[in-house]
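To keep things clear, I will list the structure first and then write my remarks on it.
Note that the structure is predicted; figures quoted are calculated from it, not measured.
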Amino acid sequence: AVTVPCNDDVVHYDACVKPHIHFQCNSCNCLIDIDDYDDKNYKQFYKKITKNFSGDIKYGSICFYGLCDKCK
């Protein structure tokens, strides 16, 4: 499991270790996995980020913020 950085001062652990995107609700702070992504595009995005970066990226997280279905 890895931790997911969020805006609610709570440590969230994620058992899913494959690349995926997160969504956090600005109202209720729920954290939702967005699994509907194209793995090929995700890998291309990673290659673009690491191409011009001389450091060693170990992991990362993409999180979108807004209102979940229950709060909107």
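Between the SG atom of Cys71 and the CG atom of Asn26 there is a distance of 9.5 Å, given to the nearest 0.5 Å. Separating the CZ atom in Phe23 from the SG atom in Cys68 is a distance of 6.5 Å, to the nearest 0.5 Å. Of the inter-residue distances, the one linking Ser27 atom OG with Lys72 atom NZ reads 13.5 Å to the nearest 0.5 angstrom.
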Kindly indicate, with the supporting measurements, whether the criterion side-chain contact (heavy atoms from CB on, under 4.5 Å) is fulfilled by His22 and Ile32. CA-CA 6 Å; His22 295 102; Ile32 300 168; over 6 Å; no

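Hydrophobic clustering (side-chain heavy atoms under 4.5 Å, transitive across Ile, Leu, Val, Met, Phe, Trp, Tyr) keeps Ile21 apart from Tyr65. Note on Leu67: it does not cluster hydrophobically with Phe64, by side-chain heavy-atom contacts below 4.5 Å among ILVMFWY residues.
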